[in-house]
Student: 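Pasting in a structure now, in C-alpha cells, and then I'll have a few things to ask.
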Amino acid sequence: AEYMGNLVLAGMVRLANTPITLDKFSFEKGVFLYFLSHMHADHTSGLTSSWDYGIIYCSPISRRLLLDKFEVHPLRVKALEIGSPHIIPIQREASPNPFAAFALSGPHTPTTPTSTHD
C-alpha cells in the first residue's frame, strides 16, 4: 500500500466516493478519471486501443508507452509532469469538488492521486 495523506492507496482500486480509479481499467459506473501508476502488465490490465471510458492520467513516459503499445487515442491520455502539482476538477452530486493529482517520482509509483480534502 502507498500512504498519501489520509488515503491508503493500493494498486487496482477505486477511490471511495470519487469517480477515480488507480490502475483499474474496466468500466465502472460513475468512474471517468483513471490513473496509471506505471506501465507494468499487472497495472494495465483492461487497456486496449478502443479505450473510451475516460481520461487516463499518467507520467509522460507512461503516456508515450501507452500510445505505442496499446495505441490508445492520444486525446484519452494526459501526461502529468513529474514533480509538478496538478489540479483535476471532479463533479460529485452536481457541485464541483477539487481533486489534486501529483505526478510523483518513485521506483514503483510515478503517478499517484491524492485528495485535497477529507
Side-chain angles (χ1 to χ4, degrees):
E2 181 80 20
Y3 293 90
M4 298 298 303
N6 61 351
L7 296 176
V8 178
L9 303 177
M12 297 164 269
V13 298
R14 179 174 181 177
L15 299 182
N17 302 313
T18 74
I20 299 162
T21 66
L22 174 65
D23 296 337
K24 184 177 180 186
F25 299 98
S26 59
F27 175 77
E28 190 171 334
K29 186 177 178 174
V31 173
F32 57 89
L33 298 171
Y34 297 82
F35 285 81
L36 174 62
S37 64
H38 60 285
M39 281 292 295
H40 288 174
D42 59 329
H43 293 263
T44 58
S45 179
L47 285 174
T48 66
S49 62
S50 61
W51 175 262
D52 67 352
Y53 297 131
I55 302 298
I56 300 169
Y57 293 90
C58 58
S59 69
I61 291 171
S62 290
R63 183 181 190 276
R64 287 193 299 273
L65 292 169
L66 271 177
L67 297 179
D68 184 50
K69 180 177 180 180
F70 293 100
E71 299 179 351
V72 174
H73 192 286
L75 294 177
R76 296 276 181 203
V77 185
K78 182 165 175 61
L80 301 177
E81 290 300 319
I82 301 296
S84 298
H86 301 274
I87 303 298
I88 299 170
I90 62 172
Q91 293 269 333
R92 194 166 51 188
E93 299 172 13
S95 65
N97 291 300
F99 185 87
F102 300 90
L104 302 174
S105 179
H108 205 66
T109 57
T111 305
T112 304
T114 183
S115 177
T116 59
H117 60 281
D118 293 335

Student: Would you give the length of the straight line joining atom OG of S49 to atom CZ of R76, rounded to the nearest 0.5 angstrom?
Tutor: 13.0 Å
Student: Working to the nearest 0.5 Å, report the span between OG of S59 and CD of E81.
Tutor: 9.0 Å
Student: Can you name the closest pair of heavy atoms from F35 and F25 and give their distance?
Tutor: O-CZ, 3.8 Å
Student: Verify, without hydrogens or angle tests, whether R63 (side chain) and L80 (backbone) share a donor-acceptor contact under 3.5 angstrom.
Tutor: no
Student: What pairs with K69 under side chain to side chain contact (heavy atoms under 4.5 Å, CB included), at least two apart in sequence or on another chain?
Tutor: M39
Student: Find the distance between CG (D23) and NE2 (H40) and round it off to the nearest 0.5 Å.
Tutor: 11.0 Å
Student: Check whether F27 and L36 end up in the same hydrophobic cluster, where Ile, Leu, Val, Met, Phe, Trp and Tyr are linked by side-chain heavy atoms less than 4.5 Å apart.
Tutor: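 Linked, F27 and L36 end up in one cluster.
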Student: How far apart are the closest heavy atoms of S37 and H43, and which atoms are they?
Tutor: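 Closest approach of S37 to H43: OG-ND1, 3.5 Å.
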Student: Tell me, which pairs form a salt bridge (Lys or Arg N to Asp or Glu O under 4.0 Å) where one or both residues lie in residues 43-53, sequence neighbours left out?
Tutor: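 Non-adjacent pairs meeting salt bridge (Lys or Arg N to Asp or Glu O under 4.0 Å): zero.
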Student: Please check if atom CD1 in I55 has more than 12 non-hydrogen atoms from other residues, nucleotides or ligands closer than 6.0 Å.
Tutor: yes
Student: Tell me, please, which residues at least two apart from F70 pass ring pair (Phe, Tyr, Trp, His ring centres under 6.0 Å).
Tutor: none
Student: Over 60° means perpendicular and under 30° means parallel, so tell me whether W51 and Y34 are parallel, tilted or perpendicular.
Tutor: perpendicular
Student: Closest heavy-atom contact between L66 and V77?
Tutor: CD1-CG1, 3.8 Å
Student: Quick check: closest heavy atoms across G30 and P19, and the distance to 0.1 Å?
Tutor: O-CB, 3.0 Å
Student: Search all heavy atoms of A79 against all heavy atoms of P60 and return the closest pair with its distance.
Tutor: CB-CA, 3.7 Å
